[in-house]
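Just so it is clear, the model here is predicted, and its values are computed rather than measured. Only this structure's heavy atoms are used, side chains among them; waters, hydrogens and symmetry mates stay out. Index from 1, following the sequence.
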Amino acid sequence: MQQQNQTRHIVILPGDGIGPEIMAQAEAVLNRVNEQHRLGLSWEHQLLGGAAIDATGKPLPEQTLAAAQKAGAVLLGAVGGPRWDQIERSIRPERGLLAIRSALGLFANLRPAILYPQLAEASTLRPEVVSGLDLLIVRELTGGIYFGQPRGVRVLESGEREGFNTDVYRESEIRRIARVAFDLARLRNRRVLSVDKANVLEVTELWREIVTDEAKNYPDVTLSHMYVDNAAMQLVRAPKQFDVLVTGNLFGDILSDEAAMLTGSIGMLPSASLDATGKGLYEPCHGSAPDIAGQDKANPLATILSVAMMLRYTFKEDLAAQSIENAVAKVLDAGLRTADIASAGTKLAGTKVMGQAVVDALA
Ligand code: IPM
Ligand code: MG
């Protein structure tokens with residue numbers, strides 16, 4: 001994340017389900033800030049996931065990957081849906097997402113969980129437990145059990161089938177994600193919690209050892225450790241104790257959904273997946289929500305906030321990023337809510353109205 005990425009071209013992947021609807025709103029926001037702040041950004045659309053399978057037979061077509069490799073950043077809606085659940089495992093929509101993360105080397109997944117004060121009532125937890133919540137999950141994204149070999153389903157001699165995956169991390173992979181967490185903690189409250197299952201799994205015993213070693217380079221940051229089962233419990237018991245959480249691919253997947261719900265709705269949370277140079281793929285933490293697709297019900301704010309993260313982390317346009325975040329806060333202040341974050345006394349809005357309100361709120 002040291003070098004500045006020079007390319008100001010973006011590849012947009014709307015994807016499946018609610019992806020195209022929320023992306024249309026994010027694109028309108030991008031368009032407006034691009035003009036207002038003279039960012040000089042350009043973009044094109046490509047296919048990923050089920051949409052790509054329908055058009056080309058593959059979840060990650062070569063054309064999409066080539067465009068993404070050339071671009072400075074990628075903006076993604078969501079992939080997957082029941083329509084593609086029956087096709088062969090290796091070419092399902094989700095594989096397209098995993099393949100692009102891996103091919104672009106996006107090992108550092110940043111998932112901030114911030115509770116907007118306006119939404120304290122929308123959380124299923126008591127307001128005093130979650131109000132003021134601001135934590136960051138740093139999830140390792142290109143290793144661990146998601147990618148480890150061998151993997152598969154085999155038939156045993158007895159005729160019974162057996163499924164298997166491999167959880168594997170190299171020292172270098174652990175060290176580089178630890179550094180990302182420590183560097184980010186320096187911009188926050190200088191506390192890192194590493195989450196593992198070192199009491200059972202050797203791979204995470206090594207994880208703990210390497211993270212502890214890397215911490216020596218960050219004497220100003222406090223490191224602590226927690227087993228993942230306890231971390232899952234603490235997240236709902238007293239989530240405000242956390243600053244930066246760093247963990248492997250699978251634990252990060254699970255804990256980030258849990259953290260998202262603390263904020264009232266997973267529909268609010270953006271994410272960034274970064275390589276070593278600051279190039280990134282930005283996407284909402286939520287999925288493609290096929291049950292509400294095409295109904296103008298989806299919350300576009302997570303995707304809009306992903307645009308803000310893109311401007312901040314890849315293009316170093318902090319002012320423009322901040323203006324988007326301010327516009328979102330303004331719209332929430334005005335009482336506008338999509339169904340997922342609605343509560344008594346607020347104004348229900350659809351995807352389009354919500355998106356347009358953010359565009360209008362951009363100073
Ligand atoms: C996420 C999603 C993906 C993951 C799926 C869609 C493959 O749940 O981004 O958290 O497991 O990484
Ligand atoms: Mg997930």
Side-chain angles (χ1 to χ4, degrees), residues 108-141 144-146 167 174 177-178 180-182 184-201 203-205 207-209 211-212 215 218 221-272 284-287 299 301-302 305 329 332 337 340-344:
N109 185 211
L110 279 38
R111 299 192 162 184
I114 295 168
L115 182 80
Y116 282 79
Q118 300 93 328
L119 298 185
E121 293 299 322
S123 177
T124 48
L125 277 85
R126 288 199 308 273
E128 68 268 27
V129 176
V130 289
S131 67
L133 181 84
D134 180 355
L135 64 85
L136 174 66
I137 296 186
V138 177
R139 168 189 177 194
E140 200 293 326
L141 201 62
I145 198 165
Y146 269 56
D167 197 1
I174 301 168
I177 193 72
V180 170
F182 288 125
L184 288 167
R186 280 186 165 159
L187 307 174
R188 300 170 48 97
N189 294 318
R190 294 177 187 263
R191 285 186 291 121
V192 169
L193 176 79
S194 173
V195 176
D196 61 42
K197 189 71 186 175
N199 50 344
V200 178
L201 305 174
V203 55
T204 68
E205 210 180 306
W207 175 284
R208 186 176 284 220
E209 185 190 318
V211 173
T212 304
Y218 297 85
V221 177
T222 308
L223 171 68
S224 51
H225 305 271
M226 204 180 269
Y227 297 140
V228 64
D229 49 350
N230 187 22
M233 181 182 73
Q234 296 296 335
L235 264 176
V236 285
R237 193 188 72 84
K240 283 190 275 184
Q241 67 185 286
F242 300 116
D243 181 21
V244 175
L245 269 87
V246 64
T247 190
N249 209 339
L250 180 61
F251 296 162
D253 178 48
I254 299 165
L255 294 180
S256 61
D257 267 31
E258 190 188 1
M261 265 326 283
L262 302 173
T263 71
S265 169
I266 197 166
M268 292 299 298
L269 294 204
S271 78
C285 284
H286 61 70
N299 186 346
L301 294 180
L305 291 167
L332 294 174
R337 302 282 189 275
D340 56 311
I341 49 174
S343 58

Among all residues two or more places apart in sequence or in another chain, which pass the side chain to side chain contact (heavy atoms under 4.5 Å, CB included) test with Val203?
Asp167, Tyr169, Leu201

Rounded to the nearest 0.5 Å, how far does CH2 of Trp207 lie from CD1 of Ile174?
6.5 Å

Rounded distance (nearest 0.5 Å) linking atom CG of Asn109 with atom OG of Ser271
5.0 Å

Under a 4.5 Å cut-off applied to non-hydrogen side-chain atoms, are Thr204 and Val195 in contact?
no

Got Ile177 and Thr247 here, is their nearest side-chain heavy-atom distance under 4.5 Å?
no

Can you find a heavy atom in the side chain of Ile341 that is under 4.5 Å from one in the side chain of Asn299?
yes

Any heavy-atom pair between the side chains of Leu184 and Val138 that's under 4.5 Å?
yes

Residues which pass salt bridge (charged side-chain N to carboxylate O under 4.0 Å, His left out) with Arg191, listed by chain and number, not counting sequence neighbours:
none

Of all heavy-atom pairs between Val192 and Ala181, which one has the smallest distance, and what is that distance?
CG2-O, 3.8 Å

Could you work out, with salt bridge (charged side-chain N to carboxylate O under 4.0 Å, His left out) as the rule, every residue matching Arg237, not counting sequence neighbours?
none

Once side-chain hydrogen bond (donor to acceptor under 3.5 Å, both in side chains) is applied, do any residues pair with Thr212, and if so which ones, sequence neighbours excluded?
His225

Thr263: partners by side-chain hydrogen bond (donor to acceptor under 3.5 Å, both in side chains), with sequence neighbours left out
none

Hits for ring pair (Phe, Tyr, Trp, His ring centres under 6.0 Å) against Tyr116, two or more places apart or cross-chain, chain-then-number order -> none

Leu262 vs Leu235 side-chain heavy atoms within contact, under 4.5 Å:
yes

Could you list the donor-acceptor pairs under 3.5 angstrom formed between side-chain atoms of residues 249-258 and any protein atom two or more places apart in sequence or on another chain?
| unit_1 | atom_1 | unit_2 | atom_2 | d |
| --- | --- | --- | --- | --- |
| Asn249 | OD1 | Arg139 | NE | 3.0 |
| Asn249 | OD1 | Arg139 | NH2 | 2.8 |
| Asn249 | ND2 | Leu141 | O | 3.2 |
| Asn249 | ND2 | Gly143 | O | 3.0 |
| Asp253 | OD2 | Tyr146 | OH | 3.1 |
| Ser256 | OG | Arg111 | NH1 | 2.9 |
| Ser256 | OG | Gly252 | O | 2.7 |
| Ser256 | OG | Asp253 | O | 3.1 |

A side-chain contact here means heavy atoms from C-beta on lying under 4.5 Å apart; do Met268 and Leu332 qualify?
yes

Identify the two heavy atoms, one from Leu115 and one from Gly264, that lie closest to each other, and give their separation to 0.1 Å.
CD1-N, 4.4 Å

The side chain to side chain contact (heavy atoms under 4.5 Å, CB included) partners of Asn189 (sequence neighbours excluded) come to Asp243

With sequence neighbours excluded, residues passing side chain to side chain contact (heavy atoms under 4.5 Å, CB included) with Pro127:
Ala120, Glu121

Can you sort out the partners of Met226 under side chain to side chain contact (heavy atoms under 4.5 Å, CB included), two or more places apart, ordered by chain and number?
Leu193, Asn230, Ala231, Gln234, Gln241, Phe242

Begin from the C-alpha positions of Val129 and Lys240 and carry the test side-chain contact (heavy atoms from CB on, under 4.5 Å) through to its verdict.
CA-CA 7 Å; Val129 176; Lys240 283 190 275 184; 6.0 Å; no

Excluding sequence neighbours, so at least two apart, what forms salt bridge (charged side-chain N to carboxylate O under 4.0 Å, His left out) with Asp340?
none

Evaluate Phe182 against Arg190 for side-chain contact (heavy atoms from CB on, under 4.5 Å), listing each step before the verdict.
CA-CA 8 Å; Phe182 288 125; Arg190 294 177 187 263; over 6 Å; no

Should the pair Asp134-Arg188 be classified as a salt bridge under the 4.0 Å nitrogen-to-oxygen rule?
yes

With a 4.5 Å limit on heavy-atom distance, are the side chains of Leu223 and Ser194 in contact?
yes

All heavy atoms of Cys285 vs all of Pro270, minimum pair found to be SG-O, 3.6 Å

Return the minimal non-hydrogen interatomic distance between Ala260 and Ile266, and the atom names on each side.
CB-CG1, 3.6 Å

Are Arg337 and Leu119 close enough that some pair of their side-chain heavy atoms sits under 4.5 Å apart?
yes

